[in-house]
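Quick note on labels: first sequence line is chain A, next is B, and so on, each numbered from 1.
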Amino acid sequence: MRWTQTFIPTLKETPADAEIASHKLLLRAGLVRKLTGGLYTFLPLGVRVLRKIERIVREEMDRVGAIEVSIPCLQPPDIWQQSGRYTTAAEVLYHVFDRAKKEWVLSPTAEEVITQLAANELSSYRQLPRNFYQIGVKFRDEIRPRFGLMRAKEFVMKDAYSFDVNDAAAMVSYRKMYDAYTRIFARCGLRAFPVEADTGVIGGNYSHEFMVPAETGENEVVYCESGQYAANIEKATSRGPLAGTPTASTSPAPEKFPTPGVVTIDALAAAPYNVAAHQQIKTLVYVADSKPILVLLRGDDQLNEAKLMARTGATQVRPATADEVFAALGAHPGSLGAVKTTLRVADLRIYADRALQGAAGMTTGANDDGFHFRHIEIARDIEVNQWADFRTVQAGELDVETGQPLKIRRAIEVGHVFKLGTKYSEKMNALYLDEAGKQHPCVMGCYGIGVTRTLQAIIEQGNDKDGILWPLPTAPFAVCLTPLSVAPDSAPMKLAEQLYAELTARGAEVILDDRDERPGVKFKDADLIGFPLRVNLGEKAMARGEIELKPRGGNLSFVKIENVATAISDWLAAESARYAAAVPSA
RNA sequence: CGGAGCGUAGCUCAGCCUGGCUAGAGCGCCAGCUUUGGGAGCUGGAUGUCGCAGGUUCGAAUCCUGUCGCUCCGACCA
């Protein structure tokens, strides 16, 4: 490709609405332009990178036997009602209406359509396993689009759906996808690692997310340096809080005492009360699927809402409003407790975190504004309906398996694999007949990769002060030929033309910067875009019979003119091999 | 939706507080000359419904009200 024949509008200054490095560089390097918040037009270079990632994804999907289909984005709402997600996923669904005022939805993902397809087309165990995938545009009514392509209203996703005869077979399908994902990200030159994940509204019971470590990521990952454990913080567990929970009885009965104006854990921990946070019981009022519930945690712990949803089986949970709190407990936040003698609403389920098991000598609110209880023994004074893990893991706590301290870091989620089970196949009648002629629901899995997000994650992971550092496998062009004179009969331009023809014939992806610009402009642009190899063709070095190779982020080297084409090919081959070596064999 | 901030040239921004002359700068763009190894220099030029609507005023980019859009923080996710 010749630079002047394509469209690469680079920006010298940073657009005001971009916040993180990758977003700025997407715009500055001329890969995309914003239409409006959460919607981007891909320009030629952006399209090239997108196609390269898609190609890698396709190759790896095909390799593990997934088969490509293409599902409409515009979908009838009734199948969404059938699966139940018309309400459970309501917030992300875009609704559109046709001339007849009939409603349609824009697909954020395609479990419903694919399961219906399976219901219609797959009827025998002989037809299983099957794994359908597609790469296409998805729509999500994001509350707040952010960070360019990272969280957009419209984005490119690869989604795959597997159908198996039973759980064991589904695990085989799951594992294949898991391995394919590992290869895909490695081939993209991306350092992504799998972590155990919560399943959220999609449902299912087993799941991993593929994470790219990045300070700007929107997820928190808890991991053990042994490499044996990594989980999304929504899912992560540990051996529990570092400070032990007191279990020694301090009095035969609770004692109510005045705490005027004390409405926070910290205030009660301070003088004159001096009740350490881990000796307090925090009482939260939540509304789970429109029913109020109580959640008890140790004072120094934070509730993990994903766990609350998982343990209660609720599809929606939220903190109660001030009015709802008062209606449930007769006191305001800051003086709440679950002590049985103070509860007035009969049917109020109480969930308690395991860190509180056996706790004694605790302090908690008295459901009377301005009063607390001390000497609380949880087994004696509180009727807990369900004990479970509800707390958010904190850095430094010990790994359940290895006993080593856990660390927490931020990351970008680029892929997600789920074992779905029969949730959708049962609802949508995706049934098959086994050898004995008996009917069973297919056991499903679903698997997503955010293609456009992956693109940006690559930039977020590879950039410096000058611009993007593209890994060779996803670079828009591998080589940028930079003649410092573009006069058609000049030595640099002639050689550039010759190299361009030769390298292109050898299959290399080459862009020829044939712009009549000053060298500085060309160098800055090439560095900004981040082509892996820049070949500088200048009069001076050429007079010495040499030309310069400048790998992006590497050191300048000189090669004899007669060896240039070979040297470039060799460099590309070596670089290619380096990335290939990082890909686990299937 | 809650909180904060911003809308002035293609881009980055000044001007607004304390209303007043012809609305500015840098970059980019166009023409010419010069220059040619890290975003050049000189000369000349084009470019604005000051987000939109209403109000106050002799007079509004500036003050007030409303509205739309964008960005950031929080809840959501590939």
Side-chain angles (χ1 to χ4, degrees), chain A residues 9-20 23-24 27-28 33-39 57 88-93 108-110 135-160 181 192 197-202 207 209-212 217-219 232 234 305-306 309 316-319 321 412-418 446-457 466-467 482-487 490 492 515-528 534 536-542 547-548 550 556:
Chain A
T10 58
L11 261 25
K12 202 183 283 190
E13 289 183 279
T14 303
D17 55 6
E19 196 66 16
I20 64 176
H23 186 194
K24 292 174 185 168
L27 294 162
R28 287 232 291 139
R33 282 294 182 266
K34 184 168 81 171
L35 202 215
T36 180
L39 296 173
V57 170
T88 58
E91 322 82 64
V92 301
L93 276 184
T109 163
I135 298 177
V137 173
K138 296 289 181 297
F139 298 87
R140 253 172 231 186
D141 188 357
E142 286 293 341
I143 307 166
R144 177 148 92 90
R146 214 188 312 211
F147 300 148
L149 271 25
M150 286 295 185
R151 177 181 298 283
K153 294 177 194 283
E154 181 184 318
F155 55 98
V156 176
M157 183 165 100
K158 186 284 303 178
D159 46 330
Y181 275 34
D198 182 64
T199 49
V201 294
I202 295 188
S207 167
E209 288 166 337
F210 285 77
M211 294 288 197
V212 175
E218 299 188 73
N219 294 267
N232 190 308
E234 295 178 341
E305 289 193 3
M309 267 168 108
Q316 271 189 325
V317 299
R318 62 170 174 83
T321 63
I412 299 162
E413 179 190 354
V414 288
H416 203 158
V417 292
F418 288 90
C446 74
Y447 317 90
I449 289 181
V451 177
T452 38
R453 181 183 283 181
T454 297
L455 187 161
Q456 192 172 342
D466 294 317
T482 311
L484 300 188
S485 158
V486 295
S490 70
R515 293 176 300 168
D516 186 10
E517 284 288 355
R518 300 171 61 82
V521 173
K522 293 188 171 197
F523 293 156
K524 287 286 185 191
D525 272 346
D527 289 350
L528 173 61
R534 193 174 78 217
N536 301 336
L537 303 136
E539 306 271 7
K540 286 182 195 164
M542 285 179 69
I547 70 129
E548 300 167 14
K550 175 68 172 68
L556 200 62

*Asks:* Please check if the side chain of A/R28 supplies one atom and the backbone of A/T10 the other of a donor-acceptor pair under 3.5 Å.
*Replies:*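 Side chain of A/R28 to backbone of A/T10, a donor-acceptor pair under 3.5 Å: no, none is there.
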*Asks:* Between B/G48 and B/U34, how far apart are the P atoms? Round to whole Å, please.
*Replies:*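 Between the two P atoms, the distance is 32 Å.
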*Asks:* Check whether any side-chain heavy atom of A/E413 sits under 4.5 Å from a side-chain heavy atom of A/R453, and report yes or no.
*Replies:*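 Side-chain contact under 4.5 Å: yes.
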*Asks:* Could a donor-acceptor pair under 3.5 angstrom be found where the side chain of A/R146 meets the base of B/C72?
*Replies:*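 No, the side chain and the base share no sub-3.5 Å donor-acceptor pair.
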*Asks:* Just how far is it from atom CG of A/L537 to atom CG of A/L484, taken to the nearest 0.5 Å?
*Replies:*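 That separation rounds to 7.0 Å.
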*Asks:* Quick check: does any side chain N or O of A/S490 sit under 3.5 Å from a backbone N or O of A/V486, one acting as donor and the other as acceptor?
*Replies:*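 Not a single qualifying donor-acceptor pair exists.
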*Asks:* Classify the nucleic acid contact of A/T36 as base, sugar-phosphate or nothing, counting any heavy atom under 4.0 Å across all strands shown.
*Replies:*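 Counting heavy atoms under 4.0 Å across all strands, the contact made by A/T36 is with sugar-phosphate only.
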*Asks:* Extract from the structure each pairing of a protein N or O with an N or O of nucleotides 42-47 of chain B at less than 3.5 Å, listing the distance.
*Replies:*
none

*Asks:* Using the C1' atom on both, measure B/G10 against B/C64 and round to a whole Å.
*Replies:*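 It works out to 33 Å between them.
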*Asks:* Contact class for A/E19 (heavy atom, under 4.0 Å): base, sugar-phosphate, or nothing?
*Replies:*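 Counting heavy atoms under 4.0 Å across all strands, the contact made by A/E19 is with sugar-phosphate only.
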*Asks:* What is the distance from CG of A/L39 to P of B/G69, rounded to the nearest Å?
*Replies:*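 Rounded to the whole Å, the gap is 13 Å.
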*Asks:* Side chains of A/D159 and A/C446: does their closest heavy-atom pair fall under 4.5 Å?
*Replies:*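 Sidechains of A/C446 and A/D159: no contact.
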*Asks:* In whole Å, I'd like the distance from the CE atom of A/M309 to the P atom of B/C76.
*Replies:*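 Atom CE in A/M309 sits about 8 Å away from atom P in B/C76.
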*Asks:* A/F147 side chain: which of B/C72, B/G69, B/A78 is closest?
*Replies:*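 Given the options B/C72, B/G69, B/A78, the side chain of A/F147 is closest to B/C72.
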*Asks:* Rounded to whole angstrom, note down the P distance from B/A60 over to B/G19.
*Replies:*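 After rounding to an integer number of Å, I get 13 Å for this pair.
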*Asks:* Does the side chain of A/R144 get closer than 4.0 angstrom to OP1 or OP2 of B/C73 through an N or O atom?
*Replies:*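 Result: yes.
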*Asks:* Under a 3.5 Å cut-off for both contacts, is B/G19 paired Watson-Crick or G-U wobble with anything, and if yes, with which nucleotide?
*Replies:*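 Its partner is none (no Watson-Crick or G-U wobble pair with both distances under 3.5 Å).
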*Asks:* Could you run down the sub-3.5 Å N/O contacts of the protein with nucleotides 48-51 of chain B?
*Replies:*
none

*Asks:* Between the protein and nucleotides 5-13 of chain B, are there any N/O to N/O pairs under 3.5 Å, and if so, what are the atom names and distances?
*Replies:*
{"unit_1": "B/C11", "atom_1": "O2", "unit_2": "A/E13", "atom_2": "OE1", "d": "3.2"}
{"unit_1": "B/U12", "atom_1": "OP1", "unit_2": "A/A16", "atom_2": "N", "d": "2.6"}

*Asks:* Say you pick atom P in B/G59 and the same atom in B/C21; how far apart are they, in whole Å?
*Replies:*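 To the nearest whole Å, 15 Å.
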*Asks:* On the nucleotide B/C77, are OP1 or OP2 found under 4.0 Å from the side-chain N or O atoms that A/K138 carries?
*Replies:*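 For B/C77, OP1/OP2 do not have a side-chain N/O of A/K138 under 4.0 Å.
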*Asks:* Enter the distance from A/D198:CG to A/H416:NE2 here, rounded to the nearest 0.5 Å.
*Replies:*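 Interatomic distance, A/D198 CG to A/H416 NE2, rounded to 0.5 Å: 7.5 Å.
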*Asks:* With a 3.5 angstrom cut-off on both distances, give the Watson-Crick or G-U wobble partner of B/G74, or none if there isn't one.
*Replies:*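 Pair assignment: B/G74 / B/C1.
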*Asks:* Measure NZ/A/K24 against P/B/U71 and give the value in whole Å, please.
*Replies:*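 Distance, rounded to whole Å: 15 Å.
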*Asks:* Please measure how far the C1' atom in B/G24 lies from the corresponding atom in B/A9, and state the result in whole Å.
*Replies:*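 Going atom to atom, C1' in each nucleotide, I get 10 Å.
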*Asks:* State the pairing partner of B/G37; accept Watson-Crick or G-U wobble contacts with both distances under 3.5 Å, and report none otherwise.
*Replies:*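 Its partner is none (no Watson-Crick or G-U wobble pair with both distances under 3.5 Å).
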*Asks:* For A/V92, is there any backbone N or O sitting under 3.5 Å from a side-chain donor or acceptor partner on A/R140?
*Replies:*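 Looks like no, no N/O pair under 3.5 Å.
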*Asks:* Partner lookup for B/G69, please. Criteria are Watson-Crick or G-U wobble with both distances under 3.5 angstrom; report none if nothing qualifies.
*Replies:*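 By the stated definition (distances under 3.5 Å), B/C6 pairs with B/G69.
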*Asks:* With sequence neighbours left out, write down each residue that passes side chain to side chain contact (heavy atoms under 4.5 Å, CB included) with A/D141, or none if nothing qualifies.
*Replies:*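 A/D141: side chain to side chain contact (heavy atoms under 4.5 Å, CB included) contacts with A/Y94.
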*Asks:* Hey, does the side-chain of A/R151 have a donor or acceptor N/O within less than 3.5 Å of a partner on the base of B/C77?
*Replies:*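 Yes, a donor-acceptor pair under 3.5 Å.
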*Asks:* For B/C29, give the paired nucleotide (Watson-Crick: N1-N3 plus N6-O4 or O6-N4; G-U: N1-O2 and O6-N3; both under 3.5 Å), or none.
*Replies:*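 WC or wobble partner is B/G45.
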*Asks:* Give the C-alpha distance, both sets of side-chain angles, the deciding distance and a yes or no for salt bridge (charged side-chain N to carboxylate O under 4.0 Å, His left out) between A/D527 and A/K550.
*Replies:* CA-CA 10 Å; A/D527 289 350; A/K550 175 68 172 68; 5.5 Å; no
*Asks:* Describe the nucleic acid contact of A/K34 in one word from base, sugar-phosphate, nothing, applying a heavy-atom distance below 4.0 Å.
*Replies:*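 Since only primed, P, OP1 and OP2 atoms lie under 4.0 Å of A/K34, the category is sugar-phosphate.
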*Asks:* Can you sort out the partners of A/L39 under side chain to side chain contact (heavy atoms under 4.5 Å, CB included), two or more places apart, ordered by chain and number?
*Replies:*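 For A/L39, the residues satisfying side chain to side chain contact (heavy atoms under 4.5 Å, CB included) (neighbours in sequence not counted) are A/L35, A/T36, A/K153, A/E154.
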*Asks:* Which whole number of Å gives the distance between the C1' atom of B/U62 and that of B/C50?
*Replies:*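 Looking at atom C1' only, B/U62 and B/C50 are 10 Å apart.
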*Asks:* Which letter, B, S or -, goes with each nucleotide of nucleotides 32-38 of chain B from 5' to 3', with contact meaning a protein heavy atom under 4.0 Å?
*Replies:* ---B-BB
*Asks:* Using the P atom as the reference point in each nucleotide, state the distance between B/G7 and B/C63 in Å, no decimals.
*Replies:*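 Roughly 11 Å separates the two P atoms.
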*Asks:* Identify whether any heavy atom of A/A152 sits under 4.0 Å from a base atom; if not, whether one sits that close to sugar-phosphate; answer base, sugar-phosphate or nothing.
*Replies:*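 A/A152: base contact, heavy atoms under 4.0 Å.
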*Asks:* For a 4.5 angstrom cut-off between non-hydrogen side-chain atoms, does A/F210 reach A/I449?
*Replies:*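 In short, these two side chains do not touch, never coming nearer than 4.5 Å.
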*Asks:* For A/K138 and A/A110, indicate whether the former's side chain and the latter's backbone hold a donor-acceptor pair under 3.5 Å.
*Replies:*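 Not at all, since once roles are kept as given, no pair shorter than 3.5 Å links the two residues.
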*Asks:* Among B/G39, B/A78, B/C70, which nucleotide has an atom closest to any side-chain atom of A/R28?
*Replies:*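 Shortest atom-to-atom distance from the side chain points to B/G39.
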*Asks:* Nearest whole angstrom, please: distance from the C1' of B/A78 to the CZ of A/F139.
*Replies:*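 Those two atoms, CZ and C1', are 14 Å apart.
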*Asks:* Can you tell me the base-pairing partner of B/U56? Count Watson-Crick or G-U wobble geometry only, both distances below 3.5 Å, and say none if there is no partner.
*Replies:*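 Pair assignment: B/U56 / none.
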*Asks:* A/D141 has an atom CG; how far is it from atom C1' of B/A78, in whole Å?
*Replies:*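 A/D141 atom CG is separated from B/A78 atom C1' by 16 Å.
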*Asks:* So does A/M150 get a backbone contact from the side chain of A/Q456, meaning a donor-acceptor N/O pair under 3.5 Å?
*Replies:*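 Checked: pair present.
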*Asks:* Whole angstroms only, please: what is the CG-P distance between A/L93 and B/C76?
*Replies:*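 Whole-Å distance recorded here is 17 Å.
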*Asks:* With a 4.5 Å limit on heavy-atom distance, are the side chains of A/K522 and A/N536 in contact?
*Replies:*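 No, every pair of side-chain atoms sits at 4.5 Å or beyond.
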*Asks:* Any side-chain heavy atom of A/T454 sitting closer than 4.5 Å to one from A/V57?
*Replies:*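 They are not in contact (no side-chain heavy atoms under 4.5 Å apart), so the answer is no.
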*Asks:* Quick check for you: to the nearest 0.5 Å, what is the distance between A/F418 atom CZ and A/E209 atom CD?
*Replies:*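 The CZ atom of A/F418 sits 7.0 Å away from the CD atom of A/E209.
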*Asks:* Looking only at atom C1', what distance separates B/U22 and B/U18, rounded to whole Å?
*Replies:*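 Roughly 22 Å separates the two C1' atoms.
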*Asks:* Heavy-atom distance under 4.5 Å between the side chains of A/R33 and A/P9, does that happen here?
*Replies:*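 A side-chain contact under 4.5 Å exists here.
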*Asks:* Report the nucleotide, chosen from B/G74, B/A78, B/G28, that has the shortest atom-to-atom distance to any side-chain atom of A/K12.
*Replies:*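 Among B/G74, B/A78, B/G28, the one nearest the side chain of A/K12 is B/G28.
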